[in-house]
Amino acid sequence: MSAILAEVNPQDTSGNDWDIADGSAPDVYVALSCPPASAPNIVSTPAVEAYAPQWTSDGCTSTFGSLTKEPVSVTVYDYDPFTPTNDLVANFTMQLSAVHLSDQLEFTLPPTQGLKSLTFRVTRVGK
């Protein structure tokens, strides 16, 4: 499962520009933690400076059984290399069902926190 597209609000949840110093677009990256919780598979996309970043990087790998029994943790950040912390865009968990896990299926989550949307692709490996 990989994040392939996001749409980020023009301002953070406090109403400030993402990059206050120059007013530029946020440098968005997505961190995924896929089950099982006992040995999670954690991956991140590269940071992309855009309000609608797209990624082609590999995502996290898990089994069908684990993905339908335990939630996936999703954290989206605005990468800020010159500050001590990155700005949080969104942080949530999602429980997937068999509908989400069809081969090559894409699904989009509705607005939450600093996101207008976040789209994922599920790719089945091995049959």
Side-chain angles (χ1 to χ4, degrees):
M1 182 173 105
S2 53
I4 60 170
L5 172 67
E7 290 185 79
V8 179
N9 291 327
Q11 296 180 317
D12 67 19
T13 55
S14 299
N16 298 314
D17 288 339
W18 289 105
D19 290 337
I20 294 173
D22 63 2
S24 64
D27 303 291
V28 183
Y29 73 95
V30 179
L32 297 174
S33 178
C34 289
S38 60
N41 179 252
I42 302 169
V43 297
S44 295
T45 65
V48 174
E49 184 178 356
Y51 291 103
Q54 297 182 32
W55 301 277
T56 57
S57 55
D58 291 337
C60 60
T61 304
S62 189
T63 65
F64 179 89
S66 291
L67 286 169
T68 56
K69 291 178 185 165
E70 297 181 58
V72 174
S73 295
V74 180
T75 308
V76 183
Y77 291 104
D78 168 24
Y79 175 64
D80 291 321
F82 303 110
T83 62
T85 60
N86 295 318
D87 296 324
L88 181 66
V89 177
N91 184 27
F92 56 91
T93 60
M94 62 181 174
Q95 184 62 57
L96 301 178
S97 69
V99 172
H100 295 108
L101 301 176
S102 300
D103 189 31
Q104 292 295 324
L105 178 74
E106 292 180 9
F107 63 93
T108 302
L109 300 178
T112 185
Q113 302 162 37
L115 289 172
K116 290 182 178 181
S117 66
L118 183 57
T119 301
F120 294 93
R121 177 178 293 135
V122 175
T123 303
R124 185 175 173 178
V125 178
K127 304 240 179 203

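The distance from the OG1 atom of Thr123 to the CG atom of Leu105 is 9.5 Å, given to the nearest 0.5 Å. For the atom pair Asp19 CG and Thr83 OG1, the distance stands at 9.0 Å (nearest 0.5 Å). Taken from CG in Asn16 to CG in Asp87, the straight-line distance is 9.0 Å, to the nearest 0.5 Å. Residue Met94 holds its CE atom at 9.5 Å from OG of Ser73, rounded to the nearest 0.5 Å. Atom CG in Leu5 sits 10.0 Å away from atom CZ in Arg121 (nearest 0.5 Å). For the atom pair OG1 (Thr93) and CG (Leu96), the distance works out to 10.0 Å, reported to the nearest 0.5 Å.
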Handout entry: Residue pair Trp18, Val28: steps toward the side-chain contact (heavy atoms from CB on, under 4.5 Å) verdict
Key = CA-CA 10 Å; Trp18 289 105; Val28 183; over 6 Å; no
Handout entry: side-chain contact (heavy atoms from CB on, under 4.5 Å) evaluation trace for Thr85 with Asp80
Key = CA-CA 7 Å; Thr85 60; Asp80 291 321; over 6 Å; no
Handout entry: Residues Lys116, Tyr51; criterion side-chain contact (heavy atoms from CB on, under 4.5 Å); working and verdict
Key = CA-CA 10 Å; Lys116 290 182 178 181; Tyr51 291 103; over 6 Å; no
Exercise for the section: Just do the side-chain contact (heavy atoms from CB on, under 4.5 Å) check on Ile4 and Glu106 with the steps written out, would you? Expected result: CA-CA 9 Å; Ile4 60 170; Glu106 292 180 9; 3.6 Å; yes
In residues 30-44, what donor-acceptor pairs under 3.5 Å come from side-chain atoms, sequence neighbours left out?
from  : atom 1 : to    : atom 2 : distance (Å)
Asn41 : OD1    : Thr61 : N      : 2.8

Can you list, pair by pair, the side-chain donor-acceptor contacts under 3.5 Å of residues 107-115, counting residues two or more places apart and other chains?
from   : atom 1 : to     : atom 2 : distance (Å)
Thr108 : OG1    : Thr119 : OG1    : 2.8
Gln113 : OE1    : Asn91  : N      : 2.8
Gln113 : NE2    : Asn91  : O      : 3.1

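Its side chain within the 4.5 Å cluster rule, Tyr77 clusters with Tyr29, Tyr79, Leu88 among the Ile, Leu, Val, Met, Phe, Trp and Tyr residues.
Asp22 and Ser24 form a side-chain donor-acceptor contact under 3.5 Å, judged by distance and modelled atom types alone.
Between Pro26 and Val8, the shortest heavy-atom contact is CG-CG1, 4.0 Å. For Ala50 against Pro53, the heavy-atom pair with the smallest separation is O-CD, 3.5 Å. Taking all atoms of both residues into account, the shortest heavy-atom contact from Asp27 to Asp78 is N-OD1, 2.8 Å.
With a 4.5 Å cut-off on side-chain heavy atoms, Val74 and Phe120 count as touching.
Within a 6.0 Å radius of CG in Asp17, other residues, nucleotides and ligands contribute more than 12 heavy atoms.
The backbone N or O of Ser62 lies less than 3.5 Å from no partner atom in the side chain of Ser66, so there is not a single donor-acceptor pair. Checked by atom type and distance alone, the side chain of Asn9 never pairs as donor or acceptor with a backbone atom of Gln11 at under 3.5 Å.
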